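As structure tokens, the structure follows; a few thoughts come after it.
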There are 2 protein chains.
Amino acid sequence: MSLLTVGTVAFDSIETPFGKAERIVGGAATFIGLSASYFVDQVNVVSVIGDDFPKEVLQDMEKRGINLEGLQVKEGEKSFFWEGKYHNNMNSRDTLDTQLNVLENFDPVLPDAYKSPSFLMLGNLTPAVQMRVLEQLESKPKLTVMDTMNFWMDIAWDELLEVIKKVDVLMINDEEARQLSKEYSLVSAAKKILTMGPEYLVIKKGEHGALLFHKDEIFSAPALPLEMVYDPTGAGDTFAGGFTGYLAKCQEVDFEKMKSAIIYGSAMASFTVEKFGIERLAELTKEEVQERVDQFVKLASFTV
Amino acid sequence: MSLLTVGTVAFDSIETPFGKAERIVGGAATFIGLSASYFVDQVNVVSVIGDDFPKEVLQDMEKRGINLEGLQVKEGEKSFFWEGKYHNNMNSRDTLDTQLNVLENFDPVLPDAYKSPSFLMLGNLTPAVQMRVLEQLESKPKLTVMDTMNFWMDIAWDELLEVIKKVDVLMINDEEARQLSKEYSLVSAAKKILTMGPEYLVIKKGEHGALLFHKDEIFSAPALPLEMVYDPTGAGDTFAGGFTGYLAKCQEVDFEKMKSAIIYGSAMASFTVEKFGIERLAELTKEEVQERVDQFVKLASFTV
């Protein structure tokens with residue numbers, strides 16, 4: 001089994017109603033990698049950073065089984081930086097600053113050892129970069145999962161559709177599903193999106209859980225009701241990492257396993273929001289993960 | 001077993017993106033009664049109408065086991081009338097007209113045969129009227145369920161809290177839970193509301209399902225993802241009727257049974273929104289209800 005992911009490794013400055021964190025470690029590939037590392041022994045990461053990125057964090061990631069051979073370090077350049085402020089309801093946020101830095105000319109290069117992954121998670125990045133990763137593969141993965149966002153629908157529609165055509169699972173939120181399909185009803189949106197290439201569609205609804213669509217089947221997963229969401233940054237990436245990591249561990253891909261994978265992904269994401277950045281995710285134990293999954297079982301089970 | 005409900009029996013004019021319906025039959029007690037009638041043989045209704053209400057509809061209700069002895073008919077007066085228009089997303093609506101008519105001086109009078117109900121569902125009405133019903137009871141019901149709305153929080157706060165103190169289950173939507181508790185997080189809101197009297201709190205989230213809170217336990221129920229919501233009017237009342245009706249049929253009240261009751265209530269509500277007004281609800285078969293419940297089981301089940 002091998003799991004490959006591509007995404008940002010970056011800095012975030014975040015303000016939420018509960019506090020402020022300046023230039024903490026973030027990035028899609030960081031969250032995906034850490035989350036997946038609870039399920040598989042090795043996660044291969046393709047990304048790019050500047051020489052300003054803390055070496056200790058990289059060492060910690062490597063200790064957790066995250067292989068950074070595909071992480072380019074650009075001397076004299078700066079890592080990607082995002083600054084945002086969450087509104088009181090935590091469901092919406094304003095971007096205050098985006099500095100692409102090393103990301104501007106990022107050309108993902110897959111080391112030879114990365115070129116035949118069994119499982120591939122394309123983190124949210126410009127569709128052209130996601131496509132460049134797909135082009136370097138020497139064999140088709142057992143499963144390719146893709147994240148994206150409305151921004152690429154606005155500025156790179158055609159390229160985005162080309163990538164979507166090639167993946168097995170598309171993972172987006174409800175507003176993105178509506179924008180991509182031009183349908184308001186999520187059922188209609190899903191029907192349309194499932195004709196665009198992916199066999200499975202995961203619609204993330206934040207505090208309202210997630211929906212999985214596959215052919216005529218639908219699975220509705222709950223979110224864990226939380227007393228406090230400290231910082232939602234990275235929750236979607238953590239979900240994606242847990243989802244793909246769990247499937248990679250199982251080595252099996254069908255609707256039933258995907259349902260379980262959504263629960264594991266949701267459980268992982270419910271940890272991430274408990275603290276700023278990767279703090280909570282990096283300190284987790286496998287026992288805590290299993291306990292949280294058991295909470296989901298209790299939360300959703302009923303008899304009729 | 002006896003189930004008593006109080007609420008409006010009324011006319012609605014409704015506009016949705018899918019069409020318009022003028023002066024169709026609606027009202028909380030109408031939806032609650034019809035929905036509950038699929039589970040129990042007799043539903044006692046306390047309400048008031050004018051002499052403009054169609055007699056055939058009343059006869060149809062009676063045929064379905066709805067006892068209208070407690071329905072006051074005011075000669076020379078008009079029934080309650082509401083007119084509303086739903087926005088494109090169906091989650092919000094504008095009230096265009098409200099004519100209280102007979103509701104203005106409504107004094108609910110319980111016939112003797114209604115005074116010892118095992119199950120009581122207080123439909124959304126002014127808290128003073130809900131209290132008048134409670135005052136006429138000769139014995140405490142096995143379970144009292146209450147619906148209300150933000151409007152009463154705005155204009156009748158103290159009276160509302162007095163009624164809430166006396167019920168076992170409070171059933172409100174997420175925004176109402178936030179307003180009532182002055183807490184944003186639904187978990188914090190629920191903790192606070194469970195100190196106000198009710199032992200159980202149901203938070204309805206429309207297309208996102210419902211949450212049940214009891215002591216430290218939480219149950220998250222999905223909503224059925226629908227391709228088209230034709231008219232959401234009465235969905236909450238249908239839910240309440242199915243919920244209370246199912247529990248009345250079981251004659252048992254505990255957390256496990258309430259979870260099932262939420263699924264039955266959700267299944268009933270999923271029918272109501274398929275057509276305008278009571279049209280779909282009035283034509284249902286018990287087999288259709290059971291099939292829909294089975295769909296919920298499929299929708300929410302997973303293994304880990």
Side-chain angles (χ1 to χ4, degrees), chain A residues 17 87-91 174 178 183-191 203 205-213 216-229 246 250 255-264 266-267 289-290 292-304, chain B residues 17 87-91 174 178 183-191 203 205-213 216-229 246 250 255-264 266-267 289-290 292-304:
Chain A
H87 299 166
N88 276 335
N89 67 12
M90 289 284 196
N91 287 328
D174 39 5
R178 288 178 172 130
E183 293 281 351
Y184 185 80
S185 144
L186 295 181
V187 177
S188 309
K191 274 192 186 170
I203 298 182
K205 302 196 298 170
E207 62 164 327
H208 300 302
L211 295 171
L212 169 66
F213 294 89
D216 289 330
E217 294 189 281
I218 311 180
F219 169 58
S220 174
L224 194 69
L226 295 169
E227 191 146 6
M228 198 165 91
V229 171
Y246 176 80
C250 294
F255 190 67
E256 287 306 311
K257 282 286 174 219
M258 288 228 182
K259 284 159 64 172
S260 320
I262 284 185
I263 298 300
Y264 275 89
S266 304
V289 173
Q290 202 50 53
R292 189 60 62 94
V293 165
D294 293 342
Q295 256 184 285
F296 272 81
V297 173
K298 230 182 136 197
L299 177 70
S301 72
F302 63 88
T303 53
V304 292
Chain B
H87 300 166
N88 275 335
N89 67 12
M90 289 285 194
N91 287 326
D174 39 5
R178 288 177 172 130
E183 295 281 351
Y184 184 79
S185 144
L186 294 181
V187 176
S188 308
K191 274 193 187 171
I203 298 182
K205 302 196 298 170
E207 62 164 327
H208 301 301
L211 296 171
L212 169 67
F213 294 88
D216 289 330
E217 296 190 281
I218 311 180
F219 169 57
S220 175
L224 195 69
L226 295 169
E227 192 145 5
M228 197 166 92
V229 170
Y246 176 80
C250 294
F255 190 66
E256 286 306 310
K257 282 286 174 216
M258 286 227 184
K259 284 158 63 170
S260 320
I262 284 184
I263 298 300
Y264 276 89
S266 304
V289 173
Q290 200 52 51
R292 189 59 62 95
V293 165
D294 293 341
Q295 257 185 286
F296 272 81
V297 173
K298 229 182 136 197
L299 177 69
S301 71
F302 63 89
T303 53
V304 292

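Small disclaimer: the values here were computed from a predicted structure and weren't measured. Naming convention: chains lettered A, B, ... in sequence-line order (proteins, then strands); numbering from 1 in each chain. Any value given below was found using the heavy atoms of this structure, including those in side chains, with hydrogens, waters and symmetry copies removed.
- Between Pro225(B) and Val187(A) there is a side-chain heavy-atom pair separated by less than 4.5 Å.
- For Tyr246(B), there are no side-chain hydrogen bond (donor to acceptor under 3.5 Å, both in side chains) partners, not counting sequence neighbours.
- Here Ser188(B) is the residue among Ala189(B), Ser188(B), Ala261(B), Ala223(B) with the most heavy-atom pairs under 4.5 Å with chain A.
- Only the side chain of Ile263(B) comes within contact range of chain A, judged by heavy atoms closer than 4.5 Å.
- At a 4.5 Å heavy-atom cutoff, the contact between Leu226(B) and chain A is made by backbone atoms alone.
- From Lys257(A), atom NZ reaches atom OG1 of Thr303(B) across 6.5 Å, with rounding to the nearest 0.5 Å.
- Interface residue Val293(A): only side-chain heavy atoms are found under 4.5 Å from chain B.
- Counting heavy-atom pairs closer than 4.5 Å to chain A, the top residue among Ala221(B), Gly209(B), Ala190(B), Ser260(B) is Ser260(B).
- With hydrogens and angles disregarded, a donor-acceptor distance shorter than 3.5 Å links the side chain of Lys259(A) to the backbone of Ser301(B).
- Comparing Ala300(A), Pro222(A), Ser220(A) by heavy-atom pairs within less than 4.5 Å of chain B, the highest count is held by Ser220(A).
- Taking both residues in full, the closest heavy atoms of Phe302(B) and Phe219(A) are given as CD2-CZ, 3.7 Å, listed atom of the first, atom of the second, then distance.
- When all heavy atoms of Lys205(A) and Glu207(B) are compared, the closest pair comes out as NZ-O, 4.0 Å.
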